[in-house]
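Everything below concerns the one structure shown next.
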Amino acid sequence: MHKKICNICQKLPRKIKKFYRQIFSYNAIKYNFSLKNHYWQTRKKNNNYEFEPNDFQIERAKLLNIYINNNDIILDIGSGDGSQLTAISKICPNIEIIGSDKDKYACELMKKNNFKCFFLKNDDFIFDLIKEYSPSCVTLFEVLEHMESPEELIIRLLNFSNLKIFASVPNSGYFVHRTRYLFGRFPIQWIANPNEHLRFWTLKDLNWWINYLDIKRETIIIPYKGIPFLNKFFPNLFAKGLFLVIKK
């Protein structure tokens, strides 16, 4: 017991410093016009082509695994560097995954790691892929917040009655973001450039948004990550992410 208490005490200063940075600092990066078209080159500047999923990607893959079947085909929209696909393939090894992204460099990264990936020339190409490959699931993990009109994409996807739709967005009501507001700073949900996120949701906003879109199918919102235990009882404040399931 004494050893556990000592370990907690050793970690506490680091956690306090991290919390302080989250509230009072900004991402240490200078504006660069090329970021607009070279996002993943910036993220993968060490030329490391090995994809190591983070805790959020692993958790999303675990949640996805609850609702899919072994024979499902997944079309992932906005696959980025493929780390999320790696997490899904490890946790759901028997399913087929098709990646896609609007960033050509991201597509190259995925292909280097043996994922099937398509360059999205425009949003219409998404629906060409659906018609050609007949996926049973579409995943949009950390994508909707980057779009000017995610409503249009969701409504068009709902026209395919045989599709299960899975999405995730950051919870803008997370207590760290609220605390930044308290001290006069806007929440930081971006990595390289403040223009990355165009839309924002809290848990209540996401519930409202589903009704706003008049989605007739069964929908499930699962708050995840953040502060353990508290994120179960007070998800509005202490869950860092929101996982959306739209069933067939």
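Note: hydrogens, waters and symmetry copies are ignored here, and every other heavy atom, side chains too, is used. When a residue number appears, it is its place in the shown sequence, counting from 1.
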CG-CD1 distance between Asn159 and Ile154, expressed to the nearest 0.5 angstrom: 11.5 Å

Partner of Tyr224 under side chain to side chain donor-acceptor pair (under 3.5 Å), chosen from Glu59, Arg60, Lys232, Lys62: Arg60

Validation row: Ile130, Pro135 side chains within 4.5 angstrom (heavy atoms): yes

Face-on cation placement of Arg180 at Tyr26 ring, 6.0 Å and 45° thresholds: yes

Beyond-backbone contact of Asn195 with Trp190, side-chain heavy atoms, under 4.5 angstrom: no

Exam field: side chain Glu132 to backbone Leu129, donor-acceptor pair closer than 3.5 Å: no

Parallel, tilted or perpendicular: rings of Phe127 and Phe160 (30°, 60°): parallel

Asn69 side chain vs Asn71 backbone, donor-acceptor pair below 3.5 Å: no

Stepwise side chain to side chain contact (heavy atoms under 4.5 Å, CB included) test for Ile221 and Ile210: CA-CA 10 Å; Ile221 300 175; Ile210 291 168; 3.7 Å; yes

Short side-chain to backbone donor-acceptor contact, Asn171 and Ala239, under 3.5 Å: yes

More than 12 heavy atoms from other groups under 6.0 Å of NZ on Lys248: yes

Cluster check Ile68, Ile88: I/L/V/M/F/W/Y, side chain < 4.5 angstrom: yes

Side-chain donor/acceptor of Asn231 to backbone N/O of Lys225, under 3.5 Å: yes

Tyr133 atom OH, over 12 foreign heavy atoms within 6.0 Å: yes

Single-linkage hydrophobic cluster Trp208~Leu237, side-chain heavy atoms < 4.5 angstrom: no

Step-by-step side chain to side chain contact (heavy atoms under 4.5 Å, CB included) determination, Gln57 to Gln84: CA-CA 5 Å; Gln57 292 164 335; Gln84 182 66 74; 3.4 Å; yes

Value rounded to 0.5 Å, distance of OG in Ser172 from CG in Leu203: 11.5 Å

Separation of Leu242 CG from Ile222 CD1 (nearest 0.5 Å): 10.5 Å

Within-4.5 Å side-chain heavy-atom neighbours: Ser89 and Phe115: yes

Heavy-atom closest contact (Pro53 atom, Ser83 atom, distance): CG-O, 3.5 Å

Sidechain N-carboxylate O distance under 4.0 Å for Asp81, Lys112: no

Side-chain heavy atoms of Glu218 within contact of Val245, under 4.5 Å: no

Side-chain touch Glu152/Met147, heavy atoms, less than 4.5 angstrom: no

Ile188-Phe186 co-clustered via ILVMFWY side chain contacts under 4.5 Å: no

Greater than 12 external heavy atoms within 6.0 Å of Tyr212's OH: no

Gly99 to Met110 - nearest heavy-atom pair and separation: CA-SD, 4.5 Å

Ser79 side chain vs Ser100 backbone, donor-acceptor pair below 3.5 Å: yes

Cys92 side, atom SG; Leu85 side, atom CG - distance, nearest 0.5 Å: 11.5 Å

Aromatic contact, Phe243 with Tyr67 (centres under 6.0 Å): no

Arg178 vs Asn236, side chain to side chain contact (heavy atoms under 4.5 Å, CB included): CA-CA, chis, key distance, verdict: CA-CA 11 Å; Arg178 295 179 190 237; Asn236 286 294; 4.3 Å; yes

Candidate pair Arg156 and Ile126, rule side chain to side chain contact (heavy atoms under 4.5 Å, CB included), full reasoning: CA-CA 10 Å; Arg156 292 183 69 182; Ile126 293 170; over 6 Å; no

Hphob cluster co-occupancy, Ile66 + Ile95, side-chain heavy atoms under 4.5 angstrom: yes

Asn122 side-chain N/O to Phe125 backbone N/O, donor-acceptor pair under 3.5 Å: yes

ILVMFWY cluster, Leu230 and Ile23 together (side-chain gap under 4.5 Å): yes

Pairwise side-chain contact, Tyr174 with Ile227, heavy-atom cut-off 4.5 Å (strictly under): yes

Interatomic spacing from CG in Asp101 to SG in Cys107 - rounded to 0.5 Å: 5.5 Å

Spatial distance of atom NE2 (His146) from atom CZ (Arg199) [nearest 0.5 Å]: 13.0 Å

For residues 136-145, dump all side-chain donor-acceptor pairs below 3.5 Å to protein atoms at least two apart in sequence or in another chain.
{"residue": "Ser136", "atom": "OG", "partner": "Asp72", "partner atom": "OD1", "Å": "2.7"}
{"residue": "Ser136", "atom": "OG", "partner": "Ile73", "partner atom": "N", "Å": "3.0"}
{"residue": "Ser136", "atom": "OG", "partner": "Ile73", "partner atom": "O", "Å": "3.4"}
{"residue": "Thr139", "atom": "OG1", "partner": "Asp76", "partner atom": "OD1", "Å": "2.6"}
{"residue": "Glu142", "atom": "OE2", "partner": "Ser168", "partner atom": "OG", "Å": "2.5"}

Parallel, tilted or perpendicular: rings of Phe238 and Phe175 (30°, 60°): tilted

